[in-house]
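On a predicted model such as this, the values are computed, not experimentally measured, just so you know.
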Amino acid sequence: MGAVPSTPRHTSTTAETAEYLIGTFVGEKSFPLASDFWQKLLELPLTLRWSSDRVQQACELFAQNNHHTRHLAKILIHLSWCLQEAVRTSGAPSVVYLKAINAVYFSSVFLKYIIENSQSDNIEELCLSLLENEPVPKDFMTDQRIENLLMHNVLTFLGSIDVSPTTSLLHQELLNFMLVVMSTQLLSGPTPGPKDVNPFLDAAMSQESLLVSSVVRRLLLNYIMRPRLPSSTAASYSIFSEENQPGVLQRVGSAAANFVLLPFNYLVNSNSEGSRNQLADCSLHVLLVLIHYHKCVVSDESITDRSDDSASTDPVSKVNTYFTVNPYSKALENARDIEYGIGECVRILLAVDRADIEGNAQNGPVVRLPFASLFDTLGM
């Protein structure tokens with residue numbers, strides 16, 4: 001299965017094993033995708049603690065070595081595989097969610113550091129590709145873009161897996177992860193330009209309309225229903241946390257979205273319960289960032305200048321810039337009230353997305369929501 005470090009002797013503590021595995025992950029030695037090392041890293045218990053200064057040291061070392069090890073790309077691939085397994089396996093065992101939570105949390109911490117400390121406009125430090133000579137499993141498609149693979153699986157889990165006591169922590173961490181990866185916008189100017197680099201947001205915008213609609217519906221339902229994390233689960237993830245303090249990521253997790261969150265501030269302030277539910281607030285954060293994203297592209301159009309008949313009629317190149325259609329904003333525009341009849345409600349809840357209802361197929365799938373509950377949540 002490939003090279004794997006020898007873990008400490010069986011008499012070592014869990015904390016020592018975690019220290020060793022995380023130190024190996026941020027170190028200079030590269031481990032292939034199929035190495036057993038990844039399974040050991042992702043199966044660490046969720047109750048370990050690291051102080052913020054240790055996190056800072058680990059992030060600095062990771063950033064130095066990532067260009068060679070490509071461990072960020074590799075853990076993002078493993079995160080994708082974990083989410084695929086969670087979606088594929090109904091009633092997935094706890095170890096599946098454990099591995100996915102570890103993968104998304106590690107990814108969030110180190111991605112956040114690299115994005116915040118990037119020295120280049122195109123965030124080259126992310127290194128979202130494998131080296132040409134990297135050994136990969138036979139069924140791995142080497143020509144696929146890692147950010148597309150990742151975002152498809154993140155959004156598929158969020159849109160298709162219900163929030164429950166078993167899945168709620170993974171839902172929360174994936175929403176935190178979304179805020180981190182979408183924060184690349186902060187490296188650009190105040191106006192979107194064609195040279196802006198937002199690989200994860202662009203990948204999210206490229207998803208098919210049914211998936212986009214299911215994600216929009218889930219985020220809004222999270223805001224309406226306000227599901228709460230079980231008390232034992234909410235405090236269980238602390239591997240990068242100080243004693244009795246929220247982890248580094250949680251303390252600043254929503255800062256990346258603040259510049260588009262004036263509507264959010266109004267919404268949570270309009271309801272006394274609004275700011276009391278982390279999953280609901282984070283869902284609204286993510287939705288607002290998604291629907292406000294505008295990708296600027298350039299088209300090179302050839303035109304013929306005929307203003308002077310005696311002049312040359314050779315084509316002249318004309319550069320146009322425009323914004324692509326935002327599928328999440330479009331899906332939100334297609335939101336409709338679910339309150340029809342009992343039979344219709346049952347059919348909608350089972351189907352989730354119905355592109356043929358009310359003749360709206362040409363505008364994309366309809367997102368069905370309980371508007372009365374939404375208005376109650378908004379305090380309207």
Side-chain angles (χ1 to χ4, degrees), residues 76 79-80 83-84 86-88 141 143-163 167 171 174-175 177-179 181-182 184-185 192 196 198-225 257 260 263 282-297 299 322-340 344-371 373-374:
L76 293 178
L79 170 57
S80 299
L83 294 174
Q84 287 175 2
V87 171
R88 184 174 58 249
M141 299 172 57
D143 59 342
Q144 64 185 327
R145 298 183 69 87
I146 292 174
E147 59 267 34
N148 290 341
L149 170 70
L150 172 70
M151 294 308 294
H152 176 77
N153 286 292
V154 169
L155 295 171
T156 297
F157 182 91
L158 291 174
S160 62
I161 301 300
D162 291 336
V163 178
T167 66
H171 270 276
L174 286 172
L175 292 171
F177 174 82
M178 288 283 290
L179 289 175
V181 299
M182 294 188 300
T184 53
Q185 292 181 93
D196 293 350
N198 299 292
F200 300 100
L201 265 167
D202 290 343
M205 296 297 148
S206 69
Q207 303 302 314
E208 62 181 15
S209 58
L210 282 176
L211 177 55
V212 169
S213 296
S214 69
V215 171
V216 170
R217 181 177 184 273
R218 172 63 59 200
L219 295 175
L220 284 170
L221 285 178
N222 286 347
Y223 177 68
I224 295 170
M225 304 305 179
V260 295
C282 202
S283 296
L284 193 56
H285 274 161
V286 171
L287 179 61
L288 287 170
V289 177
L290 285 172
I291 65 174
H292 282 89
Y293 178 63
H294 298 286
K295 180 173 177 59
C296 182
V297 297
S299 66
Y322 63 94
F323 294 116
T324 58
V325 175
N326 183 314
Y328 296 86
S329 178
K330 187 176 180 180
L332 188 59
E333 291 174 1
N334 284 339
R336 299 292 183 269
D337 194 354
I338 201 173
E339 307 292 345
Y340 278 84
E344 180 70 356
C345 288
V346 170
R347 296 209 322 263
I348 297 299
L349 287 172
L350 291 176
V352 177
D353 295 295
R354 293 275 304 274
D356 55 345
I357 297 175
E358 296 182 355
N360 282 307
Q362 70 274 16
N363 296 323
V366 173
V367 177
R368 294 290 187 181
L369 293 165
F371 278 17
S373 298
L374 176 59

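Closest non-hydrogen pair, A86 versus F157, comes out as CB-CE1, 4.0 Å. For the pair A203 and M151, the tightest heavy-atom approach, listed with the atom from each and the gap, is CB-CG, 3.8 Å.
The aromatic rings of F200 and F177 stand perpendicular to each other, their planes meeting at an angle above 60°, with 30° marking the opposite boundary.
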Decide side chain to side chain contact (heavy atoms under 4.5 Å, CB included) for N198 and Y293; before the verdict, give the C-alpha distance in whole Å, the side-chain angles of both, and the deciding distance to 0.1 Å.
CA-CA 10 Å; N198 299 292; Y293 178 63; 3.6 Å; yes
If you apply the rule side chain to side chain contact (heavy atoms under 4.5 Å, CB included), what do you find for H294 with D196, and how did you get there?
CA-CA 11 Å; H294 298 286; D196 293 350; over 6 Å; no
Under the side chain to side chain contact (heavy atoms under 4.5 Å, CB included) criterion, do L175 and L158 qualify, and how do the steps go?
CA-CA 8 Å; L175 292 171; L158 291 174; 4.2 Å; yes
What verdict does the side chain to side chain contact (heavy atoms under 4.5 Å, CB included) test give for M205 and V212, after you've listed the backbone C-alpha separation in whole Å, the side-chain angles of each residue and the deciding distance to 0.1 Å?
CA-CA 8 Å; M205 296 297 148; V212 169; over 6 Å; no
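The shortest distance between side-chain heavy atoms of E147 and D202 does not fall below 4.5 Å. N334 is not listed as a side-chain neighbour of V216, based on a closest heavy-atom distance of 4.5 Å or more. Side-chain contact check for N326 versus K295: every heavy-atom pair is 4.5 Å or farther apart. A heavy-atom distance below 4.5 Å is found between the side chains of Q185 and V289.
Among L220, V286, L155, the one residue that satisfies the side chain to side chain contact (heavy atoms under 4.5 Å, CB included) test with V215 is L155. Checked options N148, V154, T156; the residue passing with H152 is T156 (criterion: side chain to side chain contact (heavy atoms under 4.5 Å, CB included)).
Side chain of H171 to backbone of I161: a donor-acceptor contact under 3.5 angstrom is found. Judged by distance alone, the side chain of S214 and the main-chain N or O of L211 form a donor-acceptor pair under 3.5 Å.
Taking CD of Q84 as the reference point, atom CG of L149 lies at 6.0 Å (rounded to 0.5 Å). A distance of 12.0 Å separates CD1 of I146 from CG of L79, quoted to the nearest 0.5 Å. With values rounded to the nearest 0.5 angstrom, M225 atom CE is found 9.5 Å from N222 atom CG. Atom OG of residue S213 and atom CD of residue E208 lie 10.0 Å apart, to the nearest 0.5 angstrom. Expressed to the nearest 0.5 Å, how far CG of L287 lies from CZ of R218 amounts to 13.5 Å.
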